Amino acid sequence: MIRSVLAAGALTIFLALSAFAACGKDGPTEPARDPPAPARIAVSPQDTTLYAIGERVQLEAVVFDQYDNVFPGATVTWKGDGNSVASVIATGLVTAIGNGTALITAVYAGATGTATVVVQQRASWVRIEPYKVEFGEVGEFVQLTARVVDRFNHEIRGAEVTWSSSHPAVVGVTIDGRVRALQPGEARITATSGRATGSIVVTVGSGS
């Protein structure tokens, strides 16, 4: 009988202590979070257009973890897509090498980020050859050629050129740059590509 009473008392004390301990807790214990790990890379600028071969842009990359916090101490590796449009070095500096679109990727511990680089040469000058023409008499002709270049003096292959004469009655020019002396005098022949132009002066002698 005494043992039963003691056992019942011990059980009561145990239950009371358990209830007290439970009352002291704010709620269920939150599970431990996974340690931060690289999840994504933000690359900037994300879209860039370069207008000359040799033009450059500096890309920057920031690595974020799965909680969208900056992952400290991360140094990315830069990779190009292997085409002939743009090259990238270890610092993220991109150089235009040909017209088209290139995808540049930053990589770090499985996380990646990309940037798109478009290379589209823009005409800055038109160079005409020969740069000087003097006709001795009416009826002579010469074929001119125009070389369209970007701001770094790289030729823009396939660029369209429009020819014109300041005095078409003196010197005529065809759509392909063929110039003919029509009467004595002087005229300026101009080649235009986009907003870029180039010109030369053509003189026609009397033939006497």
Side-chain angles (χ1 to χ4, degrees), residues 43-60 78-106 113-205:
V43 180
S44 62
Q46 195 160 20
D47 296 285
T48 304
T49 300
L50 304 177
Y51 296 103
I53 302 302
E55 189 175 352
R56 296 176 175 178
V57 61
Q58 178 65 57
L59 300 182
E60 304 291 341
W78 294 97
K79 297 181 179 180
D81 55 9
N83 62 23
S84 57
V85 174
S87 63
V88 61
I89 60 175
T91 60
L93 183 65
V94 177
T95 303
I97 58 177
N99 290 292
T101 301
L103 195 65
I104 307 299
T105 302
T114 59
T116 300
V117 177
V118 176
V119 180
Q120 183 178 328
Q121 282 179 284
R122 178 179 291 173
S124 292
W125 298 282
V126 181
R127 307 192 187 283
I128 300 175
E129 295 179 353
Y131 66 91
K132 183 179 182 181
V133 175
E134 295 179 350
F135 291 123
E137 58 185 22
V138 172
E140 293 181 347
F141 63 88
V142 69
Q143 178 66 53
L144 300 180
T145 60
R147 181 172 174 262
V148 183
V149 297
D150 61 26
R151 70 187 185 95
F152 290 148
N153 204 36
H154 293 282
E155 185 174 358
I156 304 176
R157 300 187 182 279
E160 294 186 0
V161 175
T162 302
W163 296 91
S164 62
S165 172
S166 61
H167 297 290
V170 175
V171 178
V173 60
T174 63
I175 60 173
D176 60 353
R178 186 179 176 90
V179 173
R180 181 177 293 275
L182 300 177
Q183 67 178 27
E186 183 178 277
R188 181 174 292 275
I189 302 300
T190 300
T192 303
S193 182
R195 297 182 179 180
T197 62
S199 62
I200 64 169
V201 174
V202 177
T203 59
V204 182

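Computed from a predicted structure; not experimentally measured.
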Taking atom [atom1] of [X] and atom [atom2] of [Y], what is their separation to the nearest 0.5 Å?
{"X": "Q143", "Y": "D176", "atom1": "CD", "atom2": "CG", "answer": "5.0 Å"}
{"X": "W125", "Y": "T197", "atom1": "CH2", "atom2": "OG1", "answer": "12.0 Å"}
{"X": "R56", "Y": "L93", "atom1": "CZ", "atom2": "CG", "answer": "5.5 Å"}
{"X": "E129", "Y": "T145", "atom1": "CD", "atom2": "OG1", "answer": "5.0 Å"}
{"X": "D81", "Y": "L103", "atom1": "CG", "atom2": "CG", "answer": "6.0 Å"}
{"X": "S87", "Y": "I104", "atom1": "OG", "atom2": "CD1", "answer": "8.0 Å"}

For [X] versus [Y], what's the shortest heavy-atom pair and its separation?
{"X": "A96", "Y": "L50", "result": "CB-CD1, 3.8 Å"}
{"X": "W78", "Y": "A106", "result": "CZ3-CB, 3.7 Å"}
{"X": "E186", "Y": "H167", "result": "O-CD2, 3.3 Å"}
{"X": "A115", "Y": "V43", "result": "CB-CG1, 3.7 Å"}
{"X": "V173", "Y": "W163", "result": "CG2-CB, 3.7 Å"}
{"X": "V138", "Y": "Q183", "result": "CG2-CA, 3.5 Å"}

Checklist entry - Is the backbone N or O of I128 less than 3.5 Å from a side-chain atom of R147, with the two atoms forming a donor-acceptor pair by type? => result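 It does not hold such a pair.
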Next on the checklist: Taking T91's backbone N and O only, do any of them form a donor-acceptor pair with Q58's side chain (distance below 3.5 Å, no angle check)?
Outcome noted: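 Yes, Q58 side chain to T91 backbone: donor-acceptor pair under 3.5 Å.
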Checklist entry - For atom CD1 of I175, is the number of surrounding heavy atoms from other residues, nucleotides or ligands below 6.0 Å larger than 12? => result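 Counting neighbours around CD1 of I175, 12 or fewer heavy atoms of other residues, nucleotides or ligands fall under 6.0 Å, so no.
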Side-chain contact, heavy-atom cut-off 4.5 Å: [X] with [Y]?
{"X": "N99", "Y": "V119", "value": "yes"}
{"X": "P130", "Y": "L144", "value": "yes"}
{"X": "E55", "Y": "R151", "value": "yes"}
{"X": "V179", "Y": "V133", "value": "no"}

Item to check | Worked check of side-chain contact (heavy atoms from CB on, under 4.5 Å) between F152 and I53 | outcome: CA-CA 7 Å; F152 290 148; I53 302 302; over 6 Å; no
Item to check | Evaluation steps, side-chain contact (heavy atoms from CB on, under 4.5 Å), between R127 and N153 | outcome: CA-CA 10 Å; R127 307 192 187 283; N153 204 36; 3.1 Å; yes
Next on the checklist: For a side-chain contact (heavy atoms from CB on, under 4.5 Å) check, start with the C-alpha distance between V85 and V117, then their side-chain angles and the critical distance, and finish with the verdict.
Outcome noted: CA-CA 9 Å; V85 174; V117 177; 5.9 Å; no
Checklist entry - Is the NZ or CZ atom of R178 positioned over F141's six-membered ring, under 6.0 angstrom from the centre and within 45° of the axis? => result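 Yes.
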Item to check | Test side-chain contact (heavy atoms from CB on, under 4.5 Å) applied to T116 and T101, step by step | outcome: CA-CA 7 Å; T116 300; T101 301; 3.6 Å; yes
Item to check | Sequence-distant partners of R188, side chain to side chain donor-acceptor pair (under 3.5 Å), two or more places apart | outcome: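 Applying side chain to side chain donor-acceptor pair (under 3.5 Å) to R188 gives S199.
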